Protein chains: 2
Amino acid sequence: MDSKDVRTFLAVAEELHFGRAAERLHMAQPPVSRTIRALEDELGVALFKRDTRNVQLTNAGQELVQPARDIMEAFRRATRIVQAAGRGETGLVRIAYAGASTQVMVGRLARESREALPGIVLELQSQNFAQPAMARVLTGEVDIALGRWDHIPAGVVTRVLASENLVLAVPANHRLAGATECSITDFSEEHFITLAPHPGSVLGDRFRKLCHSAGFEPDVVQIAPDTWTAISLVSAGVGCSLTVSTVANNVNDPNVSFITVTDASEPVALCMAWLENQENAAVDTILKLSEEILPTAS
Amino acid sequence: MDSKDVRTFLAVAEELHFGRAAERLHMAQPPVSRTIRALEDELGVALFKRDTRNVQLTNAGQELVQPARDIMEAFRRATRIVQAAGRGETGLVRIAYAGASTQVMVGRLARESREALPGIVLELQSQNFAQPAMARVLTGEVDIALGRWDHIPAGVVTRVLASENLVLAVPANHRLAGATECSITDFSEEHFITLAPHPGSVLGDRFRKLCHSAGFEPDVVQIAPDTWTAISLVSAGVGCSLTVSTVANNVNDPNVSFITVTDASEPVALCMAWLENQENAAVDTILKLSEEILPTAS
DNA sequence: CTCTTTATTGCATTTTCTGCAATAATCTCT
DNA sequence: AGAGATTATTGCAGAAAATGCAATAAAGAG
């Protein structure tokens with residue numbers, strides 16, 4: 001039994017007339033007759049009780065009508081699904097992201113995606129650091145990465161989602177709390193909370209460079225597993241922590257105050273990265289959506 | 001897209017290797033390659049990203065896997081269903097029956113059928129008279145009829161389900177209530193309840209013949225639409241009514257007493273009838289079941 | 001009983017499918 | 001970076017099948 005058999009069977013079952021069925025199938029009667037006969041032989045069951053004047057379904061034929069229609073519908077469904085996937089309307093998009101700022105971005109993207117693109121499933125992979133996320137893009141384990149990188153490998157395209165100023169999170173009872181700007185030199189004697197040091201950590205590098213250029217070695221009293229924990233420690237008065245403006249905008253804790261660091265020469269770029277030659281239409285769709293939801297920073 | 005395309009696609013999607021897929025399909029690689037290519041062209045979507053070393057599904061290909069499996073399953077299901085129907089395990093059996101005794105028989109048959117043959121649906125058509133039920137068998141509107149017939153048309157096969165004695169239903173306060181036997185002559189002065197007179201009604205004919213041979217014209221005081229109503233009227237003391245032993249065995253009303261009529265020479269036969277050349281396997285199955293549930297009366 | 005209708009069969013043709021051999025492309029290993 | 005090996009693809013020829021026309025047969029309708 002193959003699809004032509006099913007199509008032929010349904011035509012005859014609906015017309016109850018070999019001639020009209022053949023007409024509907026744009027062919028001559030003999031092939032119709034042969035196809036039905038072959039199908040009956042293969043199944044070992046008579047499907048029609050026919051003579052030169054009347055064609056009617058046998059009991060078995062009756063029972064085949066709905067399953068046969070189901071088969072045709074399964075073909076239509078498969079075609080619909082695969083073409084929707086081809087147009088990028090459905091599919092799986094794997095996103096790796098590292099860091100507090102990217103969590104905010106991914107959150108927005110996921111929310112909008114779920115509303116506007118119900119056929120696309122996002123697989124979100126929170127990484128601890130940006131560099132492994134980039135590695136996963138290169139190996140094809142994920143489709144899109146969000147993070148901060150100094151070096152972009154060949155074959156990877158990036159787009160800047162946000163240009164973030166460096167800010168210092170300080171406890172509310174800190175002597176500079178409430179100030180809008182400060183210099184890192186004002187903090188040479190402070191206690192600091194940092195994230196775990198990791199090669200390729202843009203923020204970590206910046207922090208060290210800032211302190212060194214101001215002529216001091218920071219006193220790191222606590223290493224936090226993630227930014228949110230670091231901010232909590234600041235809130236608890238453990239010390240200060242260098243972070244970015246996006247985090248400042250997404251924290252509303254009266255015990256924490258954020259101060260822009262003026263001698264942080266240039267802002268750090270939060271990027272989205274994907275393979276140049278990627279061919280997944282669903283990824284293209286998400287990239288396009290992200291251009292609306294997360295505009296390129298100036 | 002036809003079933004061969006789907007089978008080929010699934011083989012390649014599962015092996016992720018054109019050569020092994022071809023092996024599994026018992027053919028050479030080239031046809032596999034061509035089939036996939038043709039399918040991709042037809043759908044307008046790339047299904048595999050392949051080079052000489054690696055074959056992997058595209059996003060669209062991924063999405064096609066399950067629908068493709070559904071198609072194959074739909075074929076298997078259709079085959080299973082139609083062959084079950086061919087073996088008489090599923091299908092529709094239409095049964096027409098007329099009269100109180102047949103209701104009892106059909107009830108038993110329906111109960112057993114539902115338990116033992118869950119795939120067979122019985123369509124029960126209660127008729128008021130046996131003759132139209134037989135007519136529906138001849139026209140093919142029903143598959144099996146139950147009733148009492150004097151004449152069996154050619155091409156119809158019958159089996160005797162019960163050989164019923166004639167009994168008189170009398171009110172409990174009747175002078176003969178409690179007697180086991182009686183003669184119709186004892187009732188020449190009684191009031192009678194009958195069913196609507198209808199040509200071909202075996203019981204009606206018998207009743208009239210009995211009375212006439214006993215030399216009286218029955219005093220019919222009430223015509224009931226069916227036997228159960230007639231028995232209710234007897235119970236209410238309206239009069240007596242001639243019926244059959246099956247009814248007597250299925251009524252348990254203290255206000256009604258049943259007396260066997262001894263001068264009712266021969267019992268009446270309750271029959272099951274179907275077309276001699278009927279080819280519906282489900283009907284065969286039900287006929288076979290009925291031989292167990294409703295044995296042929298001696 | 002004849003005529004008409006219509007499914008089926010015979011046969012020739014065309015189309016499609018299949019397989020072998022050759023090719024090309026790319027990944028892996030040195 | 002280059003050589004080798006693996007494997008998908010293409011060309012072509014042969015085989016299988018599907019299709020259509022014409023003829024046949026069978027069954028109902030008048």
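A note on names: the letters A, B, ... follow the listed sequences, proteins ahead of strands, and every chain is numbered from 1. Worth saying up front: this structure is predicted, and the values here are computed from it rather than measured.
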request  = List in chain and number order the residues that pass side chain to side chain contact (heavy atoms under 4.5 Å, CB included) with B/Gln103, two or more places apart in sequence or in another chain; answer none if no residue qualifies.
outcome  = B/Tyr97, B/Ser126, B/Trp228
inquiry  = Output the rounded distance in Å from CD (A/Glu42) to P (D/dA17).
reply    = 14 Å
ask   = Does B/Thr52 place a side-chain N or O at less than 4.0 Å from the phosphate oxygens OP1/OP2 of D/dA8?
value = no
request  = For B/Leu16 and D/dA8, give me the distance from atom CG to atom C1', rounded to whole Å.
outcome  = 14 Å
ask   = Could A/Glu141 and A/Arg94 be called an ion pair, given the rule that one side-chain N must be under 4.0 Å from one carboxylate O?
value = no
request  = Report yes or no: is there a donor-acceptor pair, N or O only, under 3.5 Å between the side chain of A/Arg50 and the base of D/dG28?
outcome  = no
ask   = Just by distance, do the side chain of A/Trp149 and the backbone of A/Ala130 share a donor-acceptor pair under 3.5 Å?
value = yes
request  = Among the candidates D/dG20, C/dT8, C/dG19, find the nucleotide nearest to the side-chain atoms of A/Ser33.
outcome  = C/dT8
query = Can you check the B/His26 NE2 to D/dA16 C1' distance for me, whole Å?
reply = 19 Å
message = Between A/Lys4 and D/dT19, is there a contact of a side-chain N or O with OP1 or OP2 at under 4.0 Å?
response = yes
task = Examine distances only and state if a side-chain atom of A/Asn59 and a backbone atom of B/Val283 form a donor-acceptor pair shorter than 3.5 Å.
result = no
task = Please lay out, stage by stage, how A/Glu73 and A/Arg80 fare under the test salt bridge (Lys or Arg N to Asp or Glu O under 4.0 Å).
result = CA-CA 10 Å; A/Glu73 178 54 30; A/Arg80 228 182 307 123; 2.9 Å; yes
inquiry  = Distance check needed: C/dT16 P versus B/Asp5 CG, whole Å only.
reply    = 14 Å
request  = Please state how far atom CD in B/Gln29 lies from atom P in D/dT6, giving the value in whole angstrom units.
outcome  = 14 Å
message = Output the rounded distance in Å from CZ (A/Phe18) to C1' (D/dA25).
response = 15 Å
task = Assign each of B/Pro30 and A/Pro31 to its nearest nucleotide of DNA chain D by heavy atoms, then name whichever residue's nucleotide is nearer the 5' end.
result = B/Pro30
key: Nearest to side-chain heavy atoms of A/Asp51, which nucleotide of C/dT26, D/dA8, D/dA27   = D/dA27
request  = Scan B/Val55 against the nucleic acid and name what it touches under 4.0 Å (heavy atoms): base, sugar-phosphate only, or nothing.
outcome  = sugar-phosphate
d(CZ, A/Arg7; P, D/dT19) in whole Å = 10 Å
note = Comparing nearest nucleotides in DNA chain C, the 5'-proximal residue of the pair B/Met27, A/Arg37 is A/Arg37
ask   = Are OP1 or OP2 of D/dA27 and a side-chain N or O of A/Lys49 less than 4.0 angstrom apart?
value = no
Nearest to side-chain heavy atoms of B/Arg53, which nucleotide of C/dG19, C/dA7, D/dA5 = D/dA5
inquiry  = Tell me the interatomic distance from B/Asn277, atom CG, to D/dA27, atom P, rounded to whole angstroms.
reply    = 13 Å
query = Which nucleotide, C/dT6, C/dC11, C/dC20, lies nearest any side-chain atom of A/His17?
reply = C/dT6
